[in-house]
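A, B, ... follow the sequence lines: proteins, then strands. Residue 1 opens every chain.
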2 protein chains.
Amino acid sequence: MRYFVAVAEELHFGRAAQRLGIAQPPLSRAITRFERRLGVALLERTSRRVSLTEAGSVLLAEGRAILGAMAAAERRTRRAATSRPSLVLATKAGACGDLLAELLDAYAAEPGAVAVDLLLCESQPQRELHDGQADVALLHQPFDSTAGLDTEILNTEGQIAILPSAHPLASRSRVRMADVDALPDLPPARWPHPDGGYPDGPGPEVHNQTQLFQLIALGRTTVVMPESSSANLIDGLTAVPVLDAPAVTTVIAWPPHSRSRALADLVRTATALAESSVDDSGPLRTDERGDGQPALAKVGSVSAE
Amino acid sequence: MRYFVAVAEELHFGRAAQRLGIAQPPLSRAITRFERRLGVALLERTSRRVSLTEAGSVLLAEGRAILGAMAAAERRTRRAATSRPSLVLATKAGACGDLLAELLDAYAAEPGAVAVDLLLCESQPQRELHDGQADVALLHQPFDSTAGLDTEILNTEGQIAILPSAHPLASRSRVRMADVDALPDLPPARWPHPDGGYPDGPGPEVHNQTQLFQLIALGRTTVVMPESSSANLIDGLTAVPVLDAPAVTTVIAWPPHSRSRALADLVRTATALAESSVDDSGPLRTDERGDGQPALAKVGSVSAE
DNA sequence: GCCGATCCATACCCGTCGGGTATCGCTGCC
DNA sequence: GGCAGCGATACCCGACGGGTATGGATCGGC
């Protein structure tokens, strides 16, 4: 399977073999045997060109997921065996500072809490979740994909534009997406794709928040981001609410097969925290939750596997 | 990996070997090699008893998922290769009749629509999704687990109690959960667990809707279920709205790695249909759904173990 | 239009792994 | 203490995974 994914990605037996650290002929045979065992043609090969069949491209998508799951399983198993009990929480560096601090404090106060290690990624924290480097993550929809993960919503917030303080728009009390998009002097920054490449465009290439803020302060770009990320603005930057930007939802996410008690506690703590802050700000009453919870729990356990 | 999961589930090398169709000694060696390659002890074995280590139970959960994913990958690949392009849609038999009919009609009218085969399961349609028998499913939260699936919400409905027409409660215009729970003469029916066992309790054992309705008509049990499932009530049954039962959300769900054009079209059709019928039927706005639904999903999935 | 480069497939050889049977060693239980 | 049950070990065999050498087809360049 590893072999097939390598060939399907490279579309070249020689390069795939090199990537796998084996010679080309064994790879060729392995793929042939694999196809014969499945009874399905996965690759169309001429002596000059390799391409995927319909079935092959289906299997490529599935195979990538399987390989990721296997790597994840191995990492998690090894961690469960060697280290002290702990949870690894992944999130984007610089995002949701307050929420994270509150969550860690509240969870540490729980009975039976285990150590929580932080994994502050530059981007794509969900990737760490999929490949087993992390047990749980804070993600921001719609930016991060929650495909294949279990999630609980923690909160929803608006977005703000970060502008150089000297910029005309910075004095406005609020702006619209159209205002920000229509700034030829401040083209949007370009973040790397998961594969490491950058999209085309006039803006500067950035890969972390420090770079970004410095470039904004220098009048080279601007960005629209969740409110909470502006907690620690450096001098020379001004945040202006963007009225019609899509709302950003912070969710706590974990892989669907987790059965760990510690993870369940952390998730429960996080959702309780989120609900209590809703209580502060709105009319949700406790007894409504009290009515709803048992009924739901009952129904839930009927569907429990 | 298959071997390890078998042993971990049986906690007995002999039975596991039998289940796998091999002899016991090769299995023993395979597990030993597997542990050595991982560098992790997965099983504690005395000559009389086998038990899982912490790492072993982590790997069991992950391994089950991986094996399921592999079986699914194989099925989907084979289907992509041999049959005409088609989609398999799984749902519970008897549920969401109207919605399903509308969806099939609307999708069939799309340009580029492929054949949609139906898989009407007795329960657990999400299982067919995980193991590759189906490409897409209609699920009902919080009954069905959407763990590891991508979903879009289609609609939300209340629940009704199905009662024998002769029962005193059947003449009420509405009831509460407490009314239904407090009926010693109509104990709730017991559905089989995924493993085939039944929970304890006084109610009759059932495994499909026909049985259930007949037992209700005979005055042996009752059930609380989504409104739309009552479209085709047999004689002798009466449906009464249950005011405080948790709302049931119908979602369309698919495995997160699908990249098929046909599936994307079907999902788009379904969500478009859902939004247009929401517009028709009242003031429920999209952002309210976004706020309200997750609370239900949350409690349901936390209680699912 | 032919030659050479490229690239996948085949042929052949070797070591390890997965399968089997026979048997040993340990542990409860009667 | 004997016996039954169960996992581990010993030993053997065929198949698979790895390597090198080479063939056959196709595309590009002169």
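The side chain of B:Ala23 lies closest to C:dT21, out of C:dA9, C:dT21, D:dT20. Listed nucleotides: C:dA9, C:dT21, D:dG7. Nearest to the side chain of A:Ser28: C:dA9. If you check C:dG20, D:dC6, C:dC8 against the side chain of A:Val50, the one that comes closest is C:dC8. For B:Ile22, the side-chain atoms get nearest to C:dG19 when compared with the rest of C:dG19, D:dG18, C:dA9. Side-chain proximity of B:Arg45 to D:dG18, D:dA8, C:dA9: nearest is D:dA8. Here the side chain of A:Pro25 is nearest to one of D:dG18, D:dG7, C:dT10, namely C:dT10.
Within 4.0 Å (heavy atoms only), A:Phe34 reaches no atom of the nucleic acid at all.
Under the 3.5 Å distance criterion, the side-chain polar atoms of B:Arg78 are matched with a main-chain donor or acceptor of A:Leu38. No side-chain donor-acceptor contact under 3.5 Å links A:Thr91 to the backbone of A:Ala137.
Contact annotation: side chain of A:Arg29 to base of D:dG18, donor-acceptor pair present below 3.5 Å.
Side chains of A:Thr146 and A:Gln141: a donor on one and an acceptor on the other come within 3.5 Å.
Between A:Pro26 and B:Gly21, it is A:Pro26 whose nearest contact on DNA chain C lies nearer the 5' terminus. Residue B:Thr32 is the one, among A:Leu27 and B:Thr32, whose nearest nucleotide of DNA chain D lies closer to the 5' end (criterion: closest heavy atom).
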Does the pair A:Leu60 and A:Leu42 meet the rule for a side chain to side chain contact (heavy atoms under 4.5 Å, CB included), with working shown?
CA-CA 9 Å; A:Leu60 173 58; A:Leu42 301 171; over 6 Å; no
